[in-house]
Number of protein chains: 2
Amino acid sequence: MVGRPRDERARNVILRRAADIASQDGLEGLSIGRLATDLGLSKSGLFGFFGSKEELQLATIRAAMGVYVNEVVQPALTVPPGLGRVRRLCENWLSYSQRRVFPGGCFFFAVTAEFDARPGRVRDAIAAAGLDWAAFVARAIDDARQLGELADDTDADQLAFELIAFLEAANVTSLLHDDANAYERARTAIRKRLDTAMTGP
Amino acid sequence: MVGRPRDERARNVILRRAADIASQDGLEGLSIGRLATDLGLSKSGLFGFFGSKEELQLATIRAAMGVYVNEVVQPALTVPPGLGRVRRLCENWLSYSQRRVFPGGCFFFAVTAEFDARPGRVRDAIAAAGLDWAAFVARAIDDARQLGELADDTDADQLAFELIAFLEAANVTSLLHDDANAYERARTAIRKRLDTAMTGP
DNA sequence: CCTACCGATCGGTAGG
DNA sequence: CCTACCGATCGGTAGG
């Protein structure tokens, strides 16, 4: 099912716009007609790329995952494993949210809140992405622990939960109140929490 | 503009159902026709109660605020000011989320993520409720500080930000992954964070 | 990839 | 508070 290069480029343009819209108005607020008009395509032409609204939603999630990996995950892998990589992951995330890579803030925050109470393939795809991300953060934390940079008894899953909580709280607070201070709040919280984790509970 | 008692009772029933729907499908997913069918009313009859969809959305937010105050805020006021009240507020919140007082988890989490990137009166009402809540938590924290139960230099707004981050992370994690452990994660995080705040940074 | 169309549903209104 | 209706928009399809 791989199209010609030209089709793939078109798909990428479509899906990047779709992710922008969904970050603001949700994956249900993303309508095929509106997306087609935005891009200067016919509705049925755009529809033909995906075959159903659900497939468009799933493809949009995959495209947003690509952006997320490029913005948050990959640049952290240039830092060697350890506490530095954990800090870099958090900073990359805050920067990705603050720079409004997606105009509605973190794409995954928006669509998670939208689908967390609606069963289906879209929710399942969002949940899988969330588990992957939490496991990746926990792995980076556990690497730091094994390297002796965090206390031996550090619970990586617990610490990942707390750091991710700070990141998401900064995202939603800055969006809702146009308050960039929320990012400094999160940075302060993360710094202090990692300091505590260095010496143990 | 106060209706007869009978009208007020009907309004309460309508708005409680509206809040349930919105917690799962959002305030845009809440359609007048669906709400009317659910309640056995005609669409135009229900429409007449509110006059516009936006007014229905605003009334639904006010109704959800009443539930929230009853479930989370009021029972914490039976505890004297201090650290005990702060802990009680957090526990009330986790219980309110975990018991699914609204079937889609915390009503305000759902609608905040939905409207945080859309200007308008609905967003403004949600933002005002969020500020009130954060200020209330910060006030409870500062009471505890003034009573000597938290370190003198405790930053109440910062600590409120962190505690609320844990609460909301538990809500969304439990919903997305059907994982009740998230509430224990939040309880652990809150307990440790308050312990740290007792002795100072 | 387009035009033209389908039935369903949306918010909202007329008229009683 | 109801029935009946309005134009707009939804996801999706027919036909080319």
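In what follows, every heavy atom counts, from backbone to side chain, and hydrogens, waters and symmetry copies are set aside. Just so it is clear: chains get the letters A, B, ... in the order the sequence lines come, proteins before strands, and each one is counted from 1.
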Colleague: B/Thr188: what forms a side-chain contact (heavy atoms from CB on, under 4.5 Å) with it, not counting sequence neighbours?
Modeller: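 In terms of side-chain contact (heavy atoms from CB on, under 4.5 Å), with neighbours along the sequence ignored, B/Thr188 is linked to A/Gln158, B/Arg191, B/Lys192.
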Colleague: With no hydrogens and no angle check, is any side-chain donor or acceptor of A/Lys53 less than 3.5 Å from a backbone partner on A/Leu30?
Modeller: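 Yes, the answer is positive, given that a donor and an acceptor are paired below the 3.5 Å cut-off.
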Colleague: Under the salt bridge (Lys or Arg N to Asp or Glu O under 4.0 Å) rule, collect the residues that match up with A/Arg185, sequence neighbours excluded.
Modeller: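 Result, salt bridge (Lys or Arg N to Asp or Glu O under 4.0 Å) vs A/Arg185: none returned.
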Colleague: Applying salt bridge (Lys or Arg N to Asp or Glu O under 4.0 Å) as the test, list every pair that has at least one member in residues 122-136 of chain B; sequence neighbours left out.
Modeller: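 As it turns out, the salt bridge (Lys or Arg N to Asp or Glu O under 4.0 Å) pairs with a partner in residues 122-136 of chain B, which skip direct neighbours, are A/Asp178-B/Arg123.
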Colleague: Between P on C/dC10 and CZ on B/Phe47, what's the gap in Å once rounded to a whole number?
Modeller: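 Roughly 14 Å, once rounded to whole Å.
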Colleague: What is the separation between atom NZ on A/Lys43 and atom P on D/dA8, rounded to the nearest whole Å?
Modeller: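 Checked: the NZ to P distance equals 15 Å.
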Colleague: Please determine if B/Arg139 forms a cation-pi arrangement with B/Phe136, meaning its NZ or CZ atom is less than 6.0 Å from the six-membered ring centre and no more than 45° off the ring axis.
Modeller: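 Relative to the ring axis of B/Phe136, which defines the angle, B/Arg139 lies outside at least one limit.
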Colleague: Strictly by salt bridge (Lys or Arg N to Asp or Glu O under 4.0 Å), give each pair with a member in residues 32-52 of chain B just once, sequence neighbours left out.
Modeller: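 Salt bridge (Lys or Arg N to Asp or Glu O under 4.0 Å) check on residues 32-52 of chain B returns B/Arg17-B/Asp38, B/Asp25-B/Arg34.
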Colleague: Between protein and nucleic acid, restricted to nucleotides 14-16 of chain C and to nitrogen or oxygen atoms under 3.5 Å apart, what atom pairs and distances do you find?
Modeller:
none

Colleague: Pick base, sugar-phosphate or nothing for B/Phe50, based on heavy-atom distances below 4.0 Å to the nucleic acid.
Modeller: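 It contacts nothing in the nucleic acid.
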Colleague: Under the rule for side-chain contact (heavy atoms from CB on, under 4.5 Å), what residues qualify as partners of B/Ala110, not counting sequence neighbours?
Modeller: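 Result, side-chain contact (heavy atoms from CB on, under 4.5 Å) vs B/Ala110: none returned.
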Colleague: Among residues 52-64 of chain A, which ones have heavy-atom contacts with DNA chain D below 4.0 Å?
Modeller: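 Those residues whose heavy atoms fall under 4.0 Å from DNA chain D, taken from residues 52-64 of chain A in numerical order, are A/Ser52, A/Lys53.
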Colleague: Taking DNA chain D as the partner, which of residues 24-39 of chain B come within under 4.0 angstrom of it by heavy atom?
Modeller: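 Per residue number, the list is empty: none.
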Colleague: Starting at atom CG of B/Leu46, determine the distance to atom P of D/dT3, rounded to an integer number of angstrom.
Modeller: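 Whole-Å distance recorded here is 14 Å.
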Colleague: Would the distance check show the side chain of B/Ser23 and the main-chain N or O of B/Gly104 forming a donor-acceptor pair, the cut-off being under 3.5 Å?
Modeller: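 Here the side-chain-to-backbone pair exists.
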Colleague: Would you write out the dot-bracket form of DNA chain C, 5' to 3', with Watson-Crick and G-U pairs under 3.5 Å, [ ] for crossing pairs, | for pairs to other strands and . for unpaired bases?
Modeller: ||||||||||||||||
Colleague: Strictly by ring pair (Phe, Tyr, Trp, His ring centres under 6.0 Å), give each pair with a member in residues 159-186 of chain A just once, sequence neighbours left out.
Modeller: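 Every ring pair (Phe, Tyr, Trp, His ring centres under 6.0 Å) pair that includes a residue of residues 159-186 of chain A, provided the two are not neighbours, is A/Phe166-B/Phe166.
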Colleague: Might you work through the side-chain hydrogen bond (donor to acceptor under 3.5 Å, both in side chains) test for B/Arg85 and B/Thr78, ending with a clear yes or no?
Modeller: CA-CA 8 Å; B/Arg85 179 178 285 181; B/Thr78 65; over 6 Å; no
Colleague: Check side chain to side chain donor-acceptor pair (under 3.5 Å) between B/Arg145 and all other residues, then give those that pass, not counting sequence neighbours.
Modeller: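 With sequence neighbours excluded, B/Arg145 shows a side chain to side chain donor-acceptor pair (under 3.5 Å) to B/Asp142, given in chain and number order.
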Colleague: Is the side chain of A/Glu149 donor-acceptor paired with the backbone N or O of A/Ala144 at a distance under 3.5 Å, no angle test?
Modeller: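 Such a contact is absent between A/Glu149 side chain and A/Ala144 backbone.
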Colleague: Sequence neighbours left out, what pairs pass salt bridge (Lys or Arg N to Asp or Glu O under 4.0 Å) with at least one residue falling in residues 62-74 of chain A?
Modeller: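 Pairs touching residues 62-74 of chain A that pass the test: A/Glu71-A/Arg99.
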